Structure formats: C-alpha cells, structure tokens
Student: 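Below is the structure I would like to discuss, written out as structure tokens.
In this text the structure is predicted, and so the values were computed from the model without any measurement.
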Amino acid sequence: MNQAIRERTKWFMDARFGMFIHWGIYAIPACGEWVMSQREMTNEEYEQYFQEFDPTAYDPKEWAKLAKRAGMKYAVLTAKHHDGFCLFDSALTDYKATNTKAGRDLVREFLDAFRAEGIRVGLYFSLIDWHHSDFPKYGDRHHPMRNQERYKDAQIDFDRYLDFMHGQVKELVTNYGKLDLLWFDFSYDNMRGETWRATELIQMVRKYQPDVVIDNRLEGSGENHGSIATVEPLIYSGNFASPEQIIPPEGIIDENGEHIPWELCATMNNHWGYCNFDHEYKPADMLIRKLVECTSKGGNMILNVGPDAKGRIPKESVQILEEIGAWMERNGESIYGCGISEIPKPEWGRYTQNADTIYAHVYEAPLGALPLYGIAPDRLEKVYYLADGSEMTRGEAWNTVLFQDVAFVSLGANPVFTYPLPDPIDTVLKIKIKKGSRLCPGMD
C-alpha cells in the first residue's frame with residue numbers, strides 16, 4: 001500500500017464503523033432496491049413510483065443523531081441507484097427528487113445534517129442506469145429489458161451514456177462541498193474498468209476531491225477485489241476492498257502479503273432497500289461481535305438501513321442501533337483506531353490492538369481464571385474492565401502453576417472460582433503491557 005493511500009485512508013481505518021443508507025423510489029413497492037430488474041419492469045411501469053414518491057417524514061437530522069448514538073463515524077447515502085433515480089438535483093436529468101412531490105434536494109439535506117453531527121459523509125453512485133436510453137439492455141445480465149427481443153437490435157450510443165454518467169459524478173464532486181467517501185457500484189462481466197472510462201473518471205474526481213476515499217468497484221465487485229490486491233494496482237483500483245455480506249477469513253492482503261484497507265458492507269435484515277415483509281433482523285449482539293471481528297482483521301463495517309417510502313428508518317433498525325450504541329459508548333475505545341493484534345486469536349473471543357494497548361473481547365466465561373493467551377505473566381502490567389475502568393485482579397493461583405507461560409486474570413475475588421461475564425455480549429478487557437519485553441516466550 002503506497003503512502004498516499006495510507007494517508008488518505010487513515011481516518012477511514014480509524015473510524016471502523018459506518019452507516020449505509022439505501023433509499024429511493026423503490027421503497028414504495030417495498031421489496032428491495034432491485035425490484036425493477038427482478039420484475040423486468042419497463043420505464044413506463046416503474047414511472048408510477050416516481051409520481052408517488054412523497055417522503056413527508058424525511059428528517060436527515062434524526063438519521064444523523066441515530067447514527068451518532070450508534071457510534072457510527074461515517075455515513076454513505078445512495079445518491080443514485082441502478083434504477084437511475086437521483087436523490088440529488090442533477091441538471092442532466094429530470095428523473096430526480098426535485099421533480100417529485102418531495103420537491104427538494106435530499107442529498108444536500110443529508111450532507112448538511114450529518115456534517116452538523118460531526119459524522120464523515122459519503123455518497124453512493126451507481127455506474128449502472130436502467131432508466132437511461134443509451135445503457136445496454138437486451139442480453140445484459142441485469143437490465144430489466146434483458147429478455148425483451150424488441151431491444152435485440154436497438155441502437156444505443158454508450159459513449160453518450162458515459163458522458164452523462166461522468167457528468168453526474170462531476171456534479172456530486174463539485175456541487176456539494178468536501179466529500180469524505182465516494183462509493184461506486186458496481187462492475188460485472190465486461191462492464192468494468194475502462195468500459196466505464198475509469199481512468200478519466202478518477203482523474204476528474206481527484207481534480208476536485210483529492211482526498212476522497214473511493215471503493216474498488218470501478219473494476220471490482222463483491223465477487224472480485226480487482227487490482228487493489230495486486231502488486232501494481234491500477235489508478236481506478238480504489239482505496240479499499242468491499243466484501244459484501246461476508247467477513248474474509250483472514251482479512252484482505254495483497255500479493256506481497258500486506259494487509260490492505262477493507263470494509264464489510266452488510267444489511268441488518270436480508271435486503272438493502274426497504275422491504276416491508278423482511279423481518280429477519282440480525283440481533284445487536286451478533287452485529288457487535290461482527291464489528292469486533294472486522295476490526296480484529298483490519299477491516300471496517302458499514303451497516304445498512306433502508307428507510308421506508310415516507311423516509312422513516314424501520315423501528316427494528318432503530319432499536320438494534322440503539323443497543324449497539326449502548327455497547328459502543330462503553331467499549332468503543334476497543335474499536336476506534338484499533339486493528340489486528342500481534343497476538344493470535346484466543347479461543348474465548350478476540351483481540352484488537354491500538355499501539356501498545358491490547359483489548360481482549362471475551363465472549364465465553366472461563367472455568368476459574370481467564371487465561372490471556374499469548375501474554376507472559378511478567379509482561380502483564382495491569383488489566384481493566386473497559387466499560388467502567390475498574391481494575392481486575394490477577395488470576396494466578398495454585399491450579400495455574402503448570403502454565404507458567406500464560407498470564408491469568410480473575411473475574412471475581414477468588415481466581416479458582418467461576419464467575420459470569422459482566423457483559424454476556426462482549427466483556428472487553430483493556431490490557432496494559434510492560435514495555436521492553438516480549439509478550440510470550442517464542443513471540444517477539
């Protein structure tokens with residue numbers, strides 16, 4: 001990873017936790033953001049949702065306050081998704097929020113609200129546009145008209161589409177102030193890289209937004225990292241990889257074995273856009289542990305909400321984010337600015353680390369004292385419960401003498417007795433290590 005990317009992504013890798021917001025006119029049919037493709041709808045059939053869109057409850061200030069309470073440090077909104085509908089006031093199309101009953105630039109309101117809460121801001125932009133007449137239709141893997149013979153010999157001017165697409169990106173990077181993140185989506189089949197005139201696009205973006213962090217999907221996707229993981233990444237390779245709905249077993253490394261920035265993008269239920277029948281929400285304790293897992297592997301997690309057609313975030317999502325926020329308020333120090341520990345994963349949970357401070361994420365109560373695997377007794381200075389700052393007692397006792405290479409701490413007064421974890425979701429221990437000696441014999 002070159003120095004420019006390292007410096008550009010520092011805030012991003014320190015933040016670790018963000019909010020993704022998938023929202024558009026697809027919230028009206030309420031079965032996900034791919035409904036136009038899944039139902040193979042014509043533009044005329046889909047037009048009804050454009051005419052009906054009236055988000056009277058849209059209040060991005062409330063969204064921003066919720067994200068802040070949840071402990072999220074950045075947020076990304078879908079300025080335009082694959083259906084081509086724009087939440088921003090694009091001068092290049094009439095297919096935008098300002099021409100609906102909303103009558104407002106919803107992107108500008110989002111950016112203003114989240115910036116006011118001190119949250120870094122980003123915009124998602126689809127490279128795909130099913131509404132545009134010059135985007136490939138028949139035979140395309142995803143276009144709603146992919147199976148319609150009447151488009152088989154249709155004449156399109158793809159360069160005209162690319163001019164339009166580049167023009168909309170230019171609007172976003174020039175009309176809305178400093179953007180912290182730009183999230184392109186997505187490449188597939190031969191629709192990748194220079195098919196999008198990607199070098200030209202990135203050069204333009206960097207002209208106006210030199211510091212913006214960009215994902216890897218101008219050439220990659222959830223199925224393919226692209227050249228970001230190679231020795232010589234291309235100019236449009238992006239600054240981070242974007243695995244979708246799965247956490248890489250060992251994080252993500254390049255061909256030199258060096259860890260590169262990455263971000264898990266994940267839904268709270270099973271859809272990105274609002275789906276009124278999908279109530280399969282992941283519980284807060286699971287999502288907390290997945291955030292810890294991402295951090296322990298050197299990655300971020302951006303967690304999605306899909307507001308309804310009125311602009312309200314579903315109550316289930318709100319409740320889950322409030323629960324995550326309560327844990328983050330007590331334990332966020334073990335996430336922000338942290339990453340891969342020099343100590344291997346323990347069997348009772350995970351380690352994260354920030355410089356010389358190690359955080360033990362304990363998921364399973366020990367029988368007796370807790371072994372701090374990878375830390376020698378003479379290296380251990382002090383251990384605290386991160387949630388309240390209280391000091392733990394050492395756990396070495398008569399029944400640990402056979403295990404001289406491992407430090408122990410006790411969850412109660414007597415290290416031989418068994419005690420429950422103070423936080424059954426994730427009890428976080430802050431471990432201070434003495435300087436100048438190795439962690440454990442055989443580990444330097």
Student: Return yes when atom CD of Gln319 has more than 12 non-hydrogen atoms of other residues, nucleotides or ligands closer than 6.0 Å, and no otherwise.
Tutor: no
Student: Quick one: does Gln209's side chain have a donor or acceptor within less than 3.5 Å of a partner on Gly177's backbone?
Tutor: yes
Student: Run the salt-bridge test on Glu7 and Lys10 with the 4.0 Å N-O cut-off and return the result as yes or no.
Tutor: no
Student: Looking at Gly273, is its backbone amide N or carbonyl O close enough to the side chain of His271 to form a donor-acceptor pair, meaning the two atoms are under 3.5 Å apart?
Tutor: no
Student: When you check the gap from the basic side-chain N to the acidic O, do Glu117 and Lys65 get nearer than 4.0 Å?
Tutor: no
Student: Does the ring centre of Trp23 sit less than 6.0 Å away from the ring centre of Phe53?
Tutor: yes
Student: When the side chains of residues 302-313 are checked against the rest of the protein, which donor-acceptor pairs come out under 3.5 Å, sequence neighbours left out?
Tutor:
from	atom 1	to	atom 2	distance (Å)
Asn304	OD1	His22	N	3.4
Asn304	OD1	His22	ND1	2.8
Asn304	ND2	Trp272	O	2.8
Asp308	OD1	Lys310	N	2.9
Asp308	OD1	Gly311	N	3.0
Asp308	OD1	Arg312	N	2.9
Asp308	OD2	Arg312	NE	3.3

Student: Evaluate the side-chain contact (heavy atoms from CB on, under 4.5 Å) criterion for residues Met145 and Thr42: first the C-alpha distance (whole Å), next the side-chain angles of each, then the deciding distance (0.1 Å), finally the verdict.
Tutor: CA-CA 7 Å; Met145 298 294 101; Thr42 65; 3.8 Å; yes
Student: Sort and list the pairs that fulfil side chain to side chain donor-acceptor pair (under 3.5 Å) and have at least one residue in residues 214-223, not counting sequence neighbours.
Tutor: Asp185-Arg217, Asn216-Ser242, Arg217-Ser242, Arg217-Glu244, Glu219-Ser227
Student: For a side chain to side chain donor-acceptor pair (under 3.5 Å) check, start with the C-alpha distance between Asp83 and Tyr46, then their side-chain angles and the critical distance, and finish with the verdict.
Tutor: CA-CA 9 Å; Asp83 60 2; Tyr46 200 67; 2.7 Å; yes
Student: Name the residue from Ser334, Ser296, Pro346, Pro344 that meets the side-chain contact (heavy atoms from CB on, under 4.5 Å) definition with Tyr351.
Tutor: Pro346
Student: Just verifying a value: how many Å separate Glu280 CD and Thr267 OG1, rounded to the nearest 0.5 Å?
Tutor: 11.5 Å
Student: Please give me the minimum heavy-atom distance between Gly389 and Tyr384, naming the atom from each residue.
Tutor: O-CD2, 3.6 Å
Student: What heavy-atom pair brings Leu111 and Tyr176 nearest, and what distance separates the two atoms?
Tutor: CD1-CB, 3.5 Å
Student: Rounded to the nearest 0.5 Å, how far apart are CD1 of Ile247 and CD of Glu293?
Tutor: 4.0 Å
Student: Hey, could you give me the CD/OH distance between Gln203 and Tyr236, rounded to the nearest 0.5 Å?
Tutor: 11.5 Å
Student: Which label fits Trp34 and Phe186: parallel for a plane angle under 30°, tilted from 30 to 60°, or perpendicular past 60°?
Tutor: tilted
Student: Among Tyr26, Trp130, Trp183, Tyr95, find the residue that satisfies the ring pair (Phe, Tyr, Trp, His ring centres under 6.0 Å) test when tested with His81.
Tutor: Tyr26
Student: Considering non-hydrogen atoms only, spot the tightest contact between Asp94 and Asn99 and give its length.
Tutor: O-ND2, 2.8 Å
Student: May I ask you to decide if the ring planes of Phe164 and Tyr161 are parallel, tilted or perpendicular, using 30° and 60° as cut-offs?
Tutor: tilted
Student: Mind listing the closest non-hydrogen atom pair of Ile288 and Glu323 along with its distance?
Tutor: CD1-O, 4.4 Å
Student: Please test Trp11 against Lys73 for side-chain contact (heavy atoms from CB on, under 4.5 Å), starting from the C-alpha separation and ending with a verdict.
Tutor: CA-CA 10 Å; Trp11 73 262; Lys73 296 295 187 181; over 6 Å; no
Student: With a sphere of 6.0 Å drawn around NZ of Lys345, does it hold more than 12 non-hydrogen atoms of other residues, nucleotides or ligands?
Tutor: yes
Student: Testing the basics here: between Ala75 and Phe110, what is the closest heavy-atom pair and its distance to 0.1 Å?
Tutor: O-CZ, 3.9 Å
Student: Could you go through Phe240 and Thr9, starting from their C-alpha distance and side-chain angles, then the distance that decides it, and tell me whether this counts as side-chain contact (heavy atoms from CB on, under 4.5 Å)?
Tutor: CA-CA 8 Å; Phe240 66 93; Thr9 58; 5.7 Å; no
Student: Give a yes or no on whether His225 atom NE2 has more than 12 heavy-atom contacts from other residues, nucleotides or ligands under 6.0 Å away.
Tutor: no
Student: Given Ser90, which partner from the list Lys96, Lys80, Gln168 fulfils the side chain to side chain donor-acceptor pair (under 3.5 Å) test?
Tutor: Gln168
Student: Would you find a donor on one side and an acceptor on the other, under 3.5 Å apart, between the side chain of Asp129 and the backbone of His131?
Tutor: yes
Student: Do other residues, nucleotides or ligands put more than 12 heavy atoms under 6.0 Å from the CD atom of Glu200?
Tutor: yes
Student: Treating Thr195 as the side-chain partner and Asn190 as the backbone partner, does any N or O pair qualify as donor plus acceptor under 3.5 Å?
Tutor: yes
Student: When rounded to the nearest 0.5 angstrom, what is the spacing between CH2 in Trp262 and CG in Asn300?
Tutor: 8.0 Å
Student: Look at the side chain of Asn239 and the backbone N and O of Ile214, then say whether any donor-acceptor pair between them is shorter than 3.5 Å.
Tutor: yes
Student: Would you please test Tyr188 and Asp140 for side chain to side chain donor-acceptor pair (under 3.5 Å) and show each step?
Tutor: CA-CA 10 Å; Tyr188 61 101; Asp140 179 84; 2.6 Å; yes
Student: Just to verify, which of His142, Arg146, His143 counts as forming a side chain to side chain donor-acceptor pair (under 3.5 Å) with Ser37?
Tutor: Arg146
Student: Measure up the Phe135 and Trp196 rings against each other and bin them: parallel (under 30°), tilted (30 to 60°), perpendicular (over 60°).
Tutor: parallel
Student: Taking 4.0 angstrom as the limit, do Asp163 and Arg197 come out as a salt bridge?
Tutor: yes
Student: Can you check whether Pro248's main-chain N or O pairs, donor with acceptor, with Lys297's side chain at less than 3.5 Å?
Tutor: yes
Student: Does the ring centre of Phe114 sit less than 6.0 Å away from the ring centre of Trp63?
Tutor: no
Student: Measuring from Arg150:CZ to Lys137:NZ, what's the distance to the nearest 0.5 Å?
Tutor: 10.5 Å
Student: Going from CD1 on Ile335 to CG on Leu291, what distance comes out if it is rounded to the nearest 0.5 angstrom?
Tutor: 4.5 Å
Student: Which atom names give the shortest non-hydrogen contact between Leu421 and Ala365, and what distance separates them?
Tutor: CD1-N, 3.6 Å
Student: So Asn269 and His279, side-chain contact (heavy atoms from CB on, under 4.5 Å) or not? Walk me through it.
Tutor: CA-CA 7 Å; Asn269 54 5; His279 302 289; over 6 Å; no
Student: Quick one: does Arg108's side chain have a donor or acceptor within less than 3.5 Å of a partner on Asp89's backbone?
Tutor: no
Student: Please check this pair: side chain of Arg16 against backbone of Gly299, looking for a donor-acceptor N/O pair closer than 3.5 Å.
Tutor: yes
Student: For the side chain of Arg206 and the backbone of Val212, is there at least one donor-acceptor N/O pair under 3.5 Å apart?
Tutor: yes
Student: Hey, is the main chain of Leu106 close enough, under 3.5 Å, to the side chain of Tyr58 for a donor-acceptor pair?
Tutor: yes
Student: Does CD in Glu329 sit with more than 12 non-hydrogen atoms of other residues, nucleotides or ligands closer than 6.0 Å?
Tutor: no
Student: Taking the six-membered ring of Tyr363 (Phe, Tyr or Trp), confirm whether the NZ or CZ of Arg289 is under 6.0 Å from its centre and within 45° of its axis.
Tutor: yes
Student: Provide the full list of salt bridge (Lys or Arg N to Asp or Glu O under 4.0 Å) pairs with a residue in residues 19-38, sequence neighbours left out, each pair given once.
Tutor: none
